[in-house]
Amino acid sequence: MSIPDLLKFALRALSGHSLRTGLSMLGVAIGVAAVVMLTALGEGARRYVIDQFASLGTNLVIVVPGKTETTGALPGFGGVPNDLTLDDAEAIRRQVREVRNVAPVSMGTERVSFGERNRQVMIVGSTYELLEVRELGMGSGRFLPAGDWDRGAPVTVLGTTLVRELFDNENPIGKVVRIGEWRMRVIGVLDEMGMRMGIDFDEIAVVPVSTGMKMFNRASLFRVLVKLGSSGDVASAQRQILDLIIDRHGEEDVTIITQDAVISTFSSILGVLTLALGGIAAISLGVAGVGIMNVMLVSVSERTAEVGLLKALGVRRVQILAVFLTEAVLLSTAGGLLGLAGGWMAVRLLVQLYPAIPASPPTWAVVAALSISIGVGAIFGVLPARRATKLDPVAALAGR
Amino acid sequence: MIQLEGICRTFDVGGRPVYALVDVDEQIESGEHIAVMGPSGSGKSTLLNLIGCLDRPTSGSYRLGGREVGDLDELQLSEIRRDWIGFVFQAYHLVPRLDAAANVELPMIFAGIARAERRRRVAAALEAVDMSDRADHRPDQLSGGERQRVAIARATVMGPQILLADEPTGNLDSESGSQVLELLDRMNDEGLTLIVVTHNPDVARRADRVMVMFDGRVTQHISADDFHGHLLPYRDPQEAQ
């Protein structure tokens with residue numbers, strides 16, 4: 001018996017019961033579509049997060065004061081890190097070759113008020129360089145003035161939400177707001193940009209870094225953002241910065257976070273999440289397999305006389321097994337393809353509705369879903385097919 | 001060609017043995033036309049299934065064309081059914097979703113015969129049963145007599161030695177019944193060994209000889225010559241005693 005003959009025979013048998021065939025295919029289709037959609041969502045979330053990081057430029061290096069690992073020193077002795085100062089940031093800018101821009105950052109929260117209104121927001125103390133390093137856009141006015149980092153001019157740049165809440169429809173440029181005890185002139189408004197790396201840029205006030213440090217009474221910077229030239233070697237820059245800080249502080253008391261490390265960490269966490277989602281969806285494929293088994297058992301008992309006839313015609317057991325197994329595999333494969341198409345369309349629709357999430361099923365999930373659905377047919381088809389081969393031909397022909 | 005010696009077939013029904021065939025000794029030559037008669041439950045169909053290798057004897061020896069069937073395994077039995085034996089059933093057993101031509105083609109598909117050869121043989125087999133013009137009709141579009149003719153075409157398309165028919169006209173009116181019987185007669189004339197199980201004396205009358213069964217035994221042999229004047233070709237064995 002040739003393969004095309006076998007397929008043709010199985011197809012004819014399946015098309016004879018289109019409703020039953022359709023329903024059991026639907027079971028597999030839903031399973032596969034679930035795998036496709038859920039993994040697409042997981043993958044979309046992963047890409048979304050990575051895009052967020054990548055939008056800052058992969059050539060970003062962040063210097064954070066303190067060492068994340070224990071030094072082994074006694075508490076209170078030597079374990080306390082030295083301050084990360086503006087001078088350190090200046091030194092990095094001057095001495096590390098790959099560096100294009102350095103933005104020192106201090107941070108805290110403070111009450112910002114204008115007239116009767118006030119609001120507690122995050123205050124970012126930084127310099128002109130932050131504009132480029134963080135790729136900020138200006139809605140109106142100017143950003144912090146370039147020049148001497150130590151000179152803390154009494155000026156501030158506000159996020160859009162903050163402006164709306166403090167000024168209503170008034171033009172804020174040139175107005176003076178009170179930030180804590182400090183009076184600051186508004187010189188610019190940031191573009192609307194939403195959440196970035198956990199900070200809502202629409203709800204911050206940016207002040208010069210030296211002002212910020214005085215405002216929060218800190219000697220140490222919150223961190224130093226270092227942007228490398230586009231051809232910059234991240235590893236080499238990281239080593240140079242570390243050597244420089246060790247040279248200046250006498251010990252390794254900073255942690256250097258590279259964008260690559262952060263991205264790969266997030267990527268692997270979210271990759272596992274996607275895998276888990278896919279696994280949960282794959283359970284429904286098992287359920288669909290039981291459905292196929294059920295349908296095939298019904299089919300075998302309905303076609304008992306046919307099986308008896310095949311035996312009387314001298315059809316061998318393996319051939320009867322092959323017939324029913326082929327039907328089961330055809331069912332599950334067709335269901336799988338259907339689910340793939342359905343899932344793909346659902347994902348396309350989702351992307352249309354929420355373009356921000358680049359949802360797309362990963363190749364491994366598509367391949368796995370399809371091969372599992374085929375395997376499901378083969379595995380769950382065995383029991384019914386074996387039952388068919390074991391029928392006694394005499395009893396089967398008599399309809400018993 | 002068919003040699004049965006001391007054939008017994010016992011079924012186990014609810015723990016109690018039921019003797020379907022008891023000590024059957026028969027010899028059937030190639031090309032013979034045999035009718036098997038007897039009341040329901042006398043073992044006619046069991047004998048037919050046994051000859052057709054769908055069933056095995058509990059004891060005794062069945063030799064088909066010189067080969068001891070009892071020694072053959074499942075696979076060899078299916079090959080014998082495929083190459084030697086054609087079955088015709090009272091209920092036709094056509095596959096309802098396949099048209100007449102596809103039903104006739106069925107055994108050849110599983111025997112692995114090439115497509116072109118299959119098509120040629122289907123055409124010839126349908127021609128032989130005068131069903132060529134209805135080749136593309138499904139069974140539910142055919143009359144009972146037409147269905148049985150398609151079933152005969154299917155039973156003979158593999159070129160068997162023996163045709164086994166279990167009440168072939170049991171579901172047919174007399175006219176289509178006699179058409180079917182004439183068809184079977186003609187195939188027998190062409191050399192096919194024909195064994196027909198029937199209740200109907202008019203069917204049995206066409207055979208070379210009749211085996212009468214009762215309670216699993218062959219109780220009587222009637223030759224064609226003895227039919228004259230008999231409405232019932234067999235005596236009730238109980239009455240005879």
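Only heavy atoms go into these numbers, but all of them, side chains included; no hydrogens, no water, no symmetry mates. A note on names: the letters A, B, ... follow the listed sequences, proteins ahead of strands, and every chain is numbered from 1.
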S.K.: Would you call D5(A) and R118(B) a salt bridge, using N to O less than 4.0 angstrom?
M.R.: yes
S.K.: Between R217(B) and D215(B), is there a side-chain N and carboxylate O pair less than 4.0 Å apart?
M.R.: no
S.K.: Looking at G308(A), A13(A), A305(A), which makes the most heavy-atom pairs under 4.5 Å with chain B?
M.R.: A13(A)
S.K.: What part of R317(A) gets closer than 4.5 Å to chain B, counting heavy atoms only: side chain, backbone, both or neither?
M.R.: side chain
S.K.: More than 12 heavy atoms of other residues, nucleotides or ligands under 6.0 Å from CD of Q352(A): yes or no?
M.R.: no
S.K.: Less than 4.5 Å to any heavy atom of chain B: does that hold for the side chain of V323(A), its backbone, both, or neither?
M.R.: side chain
S.K.: Looking at F266(A), I'd like to know if the NZ or CZ of R47(A) sits under 6.0 Å from its six-membered ring centre while staying within 45 degrees of the ring's axis.
M.R.: no
S.K.: Look at H93(B), R97(B), E79(B), R82(B) and state which one has the largest set of heavy-atom pairs under 4.5 Å with chain A.
M.R.: R97(B)
S.K.: Which one, P107(B), A114(B), P96(B), leads in non-hydrogen pairs under 4.5 Å with chain A?
M.R.: P107(B)
S.K.: With a 4.5 angstrom heavy-atom cut-off, which part of Q90(B) approaches chain A: side chain, backbone, both or neither?
M.R.: neither
S.K.: Quick one: what part of L6(A) sits under 4.5 Å from any heavy atom of chain B, side chain, backbone, both or neither?
M.R.: neither
S.K.: When you measure from the centre of the six-membered ring of F11(B), is the NZ or CZ of R9(B) under 6.0 Å away and within 45° of the axis?
M.R.: yes
